[in-house]
2 protein chains.
Amino acid sequence: MLRDFIIQAKAVSDETRVRILKLLEEGEFCVCQLMDILGMKQSTVSKHLGILKTAGLVECRKGGTWTFYRLSNNLINNYNLDFLKLLSSCLKDDSLIQQDKKKLREVVKQDVKILCTPKGE
Amino acid sequence: MLRDFIIQAKAVSDETRVRILKLLEEGEFCVCQLMDILGMKQSTVSKHLGILKTAGLVECRKGGTWTFYRLSNNLINNYNLDFLKLLSSCLKDDSLIQQDKKKLREVVKQDVKILCTPKGE
DNA sequence: TCACCATATCGTAATATAGAAATATAATAA
DNA sequence: TTATTATATTTCTATATTACGATATGGTGA
């Protein structure tokens, strides 16, 4: 129904959330990793992930002390997979998205324990 | 690029604008007709159409004293046609959209001159 | 040419939303 | 069991956005 469609559309209408979704196309990551790549504070990243999760675009699991997020591959409502599909065919050449993915490659080289633990920012 | 994608996504993130786009799937209509179907004031409808036009999702032409809007079928940016395509496969069973289309059938039976002229509201 | 019409645009008020600080919560680690 | 960690949630501020009334604009009709 229309409400669900609007929820999906709004979820992909924010730059930060699109960046998150494009990163999650590469795999599954925890809040800390996304914070580092996006250069944003924990509450911001967490809030955006919440919106994406509510929209059915991402799913999460607990792994040790971390929560890992990944793209959803289940039909949650009528449109979530449609939007993810559209997104996967877009933005391949976007400079910001490419920057993020470059940074991602650096981040995944680090053990998540090391990245997340030294809160010495 | 990302900016264009966000503009598209925001354009289809509003209920009123989605309703307009679904109506325009049926053909080309002027602001007066859309006002009647949607039950909204002229400035509201006009403003939404402006956003859709800027996003490259609709096009318009002047016909007499009227301005007629229709869905765009030109590639204006990287994503307009993708979004229109997604939308065309969605919401077929939505009750509000069906209501609007039923109302549309009544409206198109009336000569646009008769509908628009008697501003006696 | 002037009057009128259709609609684009501006201004206002109400509501929604993003980013971050502060706090609460759930779970793990010691 | 208690301390610590990761993150969800709340609160706040600034900004964005919607609907409508008022006004400006472009064009047609008389």
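A note on names: the letters A, B, ... follow the listed sequences, proteins ahead of strands, and every chain is numbered from 1. All of these numbers come straight from a predicted model, not from anything done at the bench.
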Contacts of B/K47 meeting side-chain contact (heavy atoms from CB on, under 4.5 Å) (sequence neighbours excluded), chain-then-number -> none
Check the pair B/F83 / A/L86 against side chain to side chain contact (heavy atoms under 4.5 Å, CB included), numbers first and verdict last.
CA-CA 8 Å; B/F83 273 92; A/L86 172 59; 3.9 Å; yes
Original post:
Is there a side chain to side chain contact (heavy atoms under 4.5 Å, CB included) between B/L57 and B/V12 once you walk through the steps?
Top reply: CA-CA 9 Å; B/L57 294 169; B/V12 301; 4.0 Å; yes
Rounded to the nearest 0.5 Å, the CD1 atom of B/I97 sits from the CE atom of A/M1 at a distance of 11.0 Å
Whole-Å distance, A/R61 CZ to D/dA6 P, equals 16 Å
Residue pairs passing the side chain to side chain donor-acceptor pair (under 3.5 Å) test with at least one member in residues 84-95 of chain B, sequence neighbours excluded, are none
Under a 4.0 Å heavy-atom cutoff, the residues of residues 46-58 of chain A touching DNA chain C are A/K47, A/H48, A/I51
>> Under the criterion side chain to side chain contact (heavy atoms under 4.5 Å, CB included), I'd like the reasoning laid out for A/L84 against A/L21: C-alpha separation, chi angles, the key distance, then a yes or no.
In response: CA-CA 8 Å; A/L84 286 177; A/L21 290 169; 4.2 Å; yes
Across all chains, not counting sequence neighbours, the salt bridge (charged side-chain N to carboxylate O under 4.0 Å, His left out) partners of A/D100 are A/R19
What do you reckon, is NZ of A/K53 surrounded by more than 12 foreign heavy atoms closer than 6.0 Å?
no
Contact check, residues 101-109 of chain B vs DNA chain D, heavy-atom distance under 4.0 Å, returns none
By side-chain contact (heavy atoms from CB on, under 4.5 Å), A/L104 pairs with (sequence neighbours left out) A/L23, A/E26, A/F29, A/I37, A/V108
Note: A/C90 and B/D82 closest approach over all heavy atoms is SG-OD2, 4.4 Å
Those residues at least two apart in sequence (or on a different chain) that pass ring-ring contact (aromatic ring centres under 6.0 Å, His included) with A/Y79 are A/F5
Taken in chain and number order and not counting sequence neighbours, the residues that satisfy side-chain contact (heavy atoms from CB on, under 4.5 Å) with B/T67 are B/C60, B/K62, B/Y69
Are A/E25 and A/K22 close enough for a salt bridge, meaning some N to O gap below 4.0 Å? yes
Just N and O in the side chain of A/Y69: are any of them under 4.0 Å from OP1 or OP2 of D/dA6?
no
After noting the C-alpha distance and the side-chain angles of B/I6 and B/L2, does the key distance pass the side chain to side chain contact (heavy atoms under 4.5 Å, CB included) rule? CA-CA 6 Å; B/I6 298 295; B/L2 189 49; 4.2 Å; yes
message: Under 4.0 Å, heavy atoms only, any strand: does A/F68 hit a base, just the sugar-phosphate, or nothing?
response: nothing
Between CE of A/M40 and C1' of C/dT17 the distance, given in whole Å, is 13 Å
Output one line per pair: protein atom, nucleotide atom from nucleotides 21-23 of chain D, and distance, for all N/O pairs under 3.5 Å.
from, atom 1, to, atom 2, distance (Å)
D/dG21, OP2, B/K41, NZ, 3.1
D/dG21, N7, B/S43, OG, 3.3
D/dG21, O6, B/S43, OG, 3.1

In whole angstroms, the gap separating P of C/dA21 from CE of A/M35 amounts to 11 Å
Out of C/dA8, D/dA8, C/dT7, minimum distance to the side chain of A/T67 belongs to D/dA8
Is there side-chain contact between A/V45 and A/V31, with at least one heavy-atom pair below 4.5 Å?
yes
Which atom pairs link the protein and nucleotides 25-29 of chain C when you take only N or O atoms and keep those under 3.5 Å?
none

Salt bridge (Lys or Arg N to Asp or Glu O under 4.0 Å) pairs touching residues 63-77 of chain A, sequence neighbours excluded, are A/E28-A/R70, A/E59-A/R70
Expected list for residues 6-22 of chain B near DNA chain D, using heavy atoms below 4.0 Å, is B/K10, B/D14, B/T16, B/R17
